[in-house]
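Residue numbers start from 1 in every chain, and the chains themselves are labelled A, B, ... in the order their sequence lines are given, proteins ahead of strands.
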Amino acid sequence: MKTMQRHHWTAIGFLFGALILAGIAARDFLRMRTPDLIIPSDGLSRTGLLSEYAPDLAGTNGDTPYYLYDSRNPGPTMLVLGGTHPNEPAGFIATVVMVENLRVAQGRVFVIPQACLSGFSATEPLEGYPERFSVPTSSGERIFRFGSRGANPLDHWPDPLVYLHRPSGQQLSGNETRNLNRSYPGRSDGSIMERVANGIMRLLETERVTLAFDLHEAAPEIPIINAIVVHEKARDLGGMAVLNLEFEGLQYALEISPQNFRGLSHREWGDGHAVLPILMETSNPIQGRLRGPTDVDLILRGVDIRYQTALEVGRMRISYDAEGESLAKRVGRHLAGISAVVSAYNEMYPDSPLMLEGLPAYTELLSQGVGAFLKPPPPVQP
Amino acid sequence: MNIIIQRAAIVLLALVIIAGIAPAQGGKKFETPVLVTSAGQSADVTLVSMLFKRANLAAKPAPQAKAGDLDNVKTLVVVPGFSSKGLGAAGISREDELKRIKQLLEAAAAKKIPVLMMHIGGKPRRGQQSDDFCKMAAEAANHLIVVKQGDEDGFFSTIAKDAKKPIDVVDKIADAAKPLAALFQ
């Protein structure tokens with residue numbers, strides 16, 4: 001038997017080191033699969049999974065929880081989606097704040113905080129995004145995942161070169177196959193996102209949803225930020241909401257959903273069902289191309305040194321608040337937007353109003369922060 | 001004697017011209033019925049139509065109005081602001097939209113229909129894509145109503161000042177209701 005030579009020991013050392021690094025990476029990788037803690041308010045009537053509406057989703061990473069708040073008083077039914085794009089945290093957190101605070105006095109509200117559940121288990125390659133962020137509450141920190149725009153590639157691989165939207169035949173870049181907001185109306189036997197889209201369409205139909213929201217964020221340089229995008233049949237509703245919001249000092253642009261851009265919630269929901277679809281966008285610097293350090297602070301405070309510099313030297317052609325775009329502000333805008341649309345809806349249909357209670361006002365979120373409206377994490381068991 | 005008559009005629013002619021122009025550029029009163037159109041297909045046209053509705057003024061929203069829609073119209077309201085979603089929804093290109101607005105404004109001028117420009121979208125409805133629409137509408141308008149954020153660089157104020165057109169700069173969209181009502185009194 002030959003004796004071990006020095007280079008053998010070196011190789012074993014490198015292998016051992018690689019194993020340790022792989023172990024650390026694997027631990028982080030698997031932690032992305034740990035579900036986020038969401039603690040519903042006392043007003044919750046029922047929780048369940050989307051597969052109740054689309055059985056093909058059962059057992060997949062697309063089978064996301066829904067939360068139902070039913071007043072048991074006759075009225076309209078509303079659906080709110082967060083986390084359609086898991087790298088847009090204000091939409092996700094706004095729905096978590098809803099789940100943890102909402103009470104419904106008249107009508108019903110479905111909330112789906114993580115519409116693209118699969119996307120919460122991976123981050124976007126080459127973006128340097130943090131895997132999670134924490135929000136301080138009155139007693140401890142709540143930790144949430146920061147995911148990717150589309151579904152986890154492990155749930156759909158490989159992407160085609162060209163994504164063919166069905167049934168329209170519209171062609172988009174292949175990675176849009178994993179984008180929930182290009183997958184409506186979906187198919188029960190399609191890709192994971194088409195199956196989730198199909199599940200949401202079935203929920204809209206089965207529950208006869210009247211008003212539906214899809215909460216998003218976009219880079220500050222994208223023209224459609226701080227905007228409310230509506231299907232043409234919700235044009236007046238959106239217009240009234242924008243004017244109502246202006247009275248609160250919040251400026252929103254109203255946009256009408258293009259009829260020839262298929263697969264989006266604000267288009268397919270409205271074309272397929274009687275529902276009035278609303279999509280809302282806030283400005284999120286961590287998605288911006290100009291951004292500097294990409295860290296948790298940028299998610300929470302939304303102050304970016306590069307955008308600040310551009311603002312100071314007068315090179316900005318876009319809206320960017322020098323105080324930053326904090327998570328509290330962005331969540332506040334989403335919740336204020338929902339309240340304004342609901343108020344406008346109630347003005348238009350006074351005989352059958354939707355009455356919501358318990359949601360924090362925009363000014364409360366700004367002054368107290370998001371954590372003030374999240375339940376503290378349960379104590380760790382010894 | 002001839003020189004005196006000539007000078008008197010020139011002065012008289014000037015007075016007639018000034019008298020003719022002054023109402024169009026100064027204290028012009030606008031009348032209903034109103035046609036509200038977009039220049040750039042932003043949904044701001046919906047909000048402006050709501051302002052008219054709240055002011056109890058008869059206004060027909062026609063985001064893609066053409067010259068033929070001006071029959072029986074006494075005021076044309078143009079709401080400039082580019083929207084890629086809006087143009088997509090309308091299925092037209094930016095160039096087509098510029099052409100439509102140019103033709104519509106020419107038709108309004110030919111029919112002597114006064115034009116009111118209302119820019120309410122603030123900064124998001126300014127910039128490279130929007131400014132061609134803003135300039136075209138502002139230059140053709142008899143009166144401008146602008147939400148302040150859209151005039152931070154003095155774009156509209158300068159056009160109004162140079163052409164001696166009246167302009168109302170308001171803080172918020174809802175504030176536009178007041179000058180709007182005054183114009184139609």
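Look at Lys85(B) and Glu232(A) and you find no salt bridge, because none of the NZ, NE, NH1 or NH2 atoms lies under 4.0 Å from a carboxylate O.
Heavy atoms from other residues, nucleotides or ligands lying under 6.0 Å from CD of Glu323(A) number 12 at most. The environment of Ile305(A) atom CD1 is sparse: at most 12 non-hydrogen atoms of other residues, nucleotides or ligands sit within 6.0 angstrom. Remark: Arg94(B) CZ is packed, more than 12 non-hydrogen atoms of other residues, nucleotides or ligands lying under 6.0 Å away. Around the NZ atom of Lys233(A), the shell of radius 6.0 Å holds more than 12 heavy atoms that belong to other residues, nucleotides or ligands. Counting heavy-atom neighbours within 6.0 Å of Lys178(B) NZ, excluding the residue itself, gives a total of 12 or less.
In this structure, Gln259(A) contributes its side chain and Ala90(B) its backbone to no donor-acceptor pair below 3.5 Å. Judged by distance alone, with hydrogens and angles left aside, the side-chain atoms of Asn260(A) form a donor-acceptor pair with the main-chain N or O of Gly88(B) at under 3.5 Å.
In this structure, Ile256(A) and Ala43(B) approach most closely via the heavy-atom pair CG1-CB, 3.7 Å. Ile224(A) and Ser84(B) make their closest contact through CD1-OG, 4.4 Å (heavy atoms, listed as atom of the first residue, atom of the second, distance). In terms of heavy atoms, Arg125(B) sits closest to Leu254(A) at NH2-O, 3.1 Å.
With rounding to the nearest 0.5 angstrom, the OG1 atom of Thr46(B) is 12.0 Å from the CG atom of Leu237(A). Leu47(B) contributes atom CG, which lies 11.5 Å from atom CE of Met240(A) (distance to the nearest 0.5 angstrom). Note: Ile173(B) CD1 to Phe247(A) CZ = 10.0 Å, rounded to the nearest 0.5 Å.
Shown here are the ring-ring contact (aromatic ring centres under 6.0 Å, His included) partners of Tyr184(A), two or more places apart in sequence or in another chain: Trp269(A). In this structure, Asn72(B) has no side chain to side chain donor-acceptor pair (under 3.5 Å) partners at least two apart in sequence or on a different chain.
Residue Gln251(A) is tested with Gln149(B), Lys172(B), Lys123(B) for a side-chain contact (heavy atoms from CB on, under 4.5 Å); the sole match is Gln149(B).
The shortest distance between side-chain heavy atoms of Met50(B) and Val242(A) does not fall below 4.5 Å.
Within the 4.5 angstrom heavy-atom criterion, no atom of Val230(A) approaches chain B.
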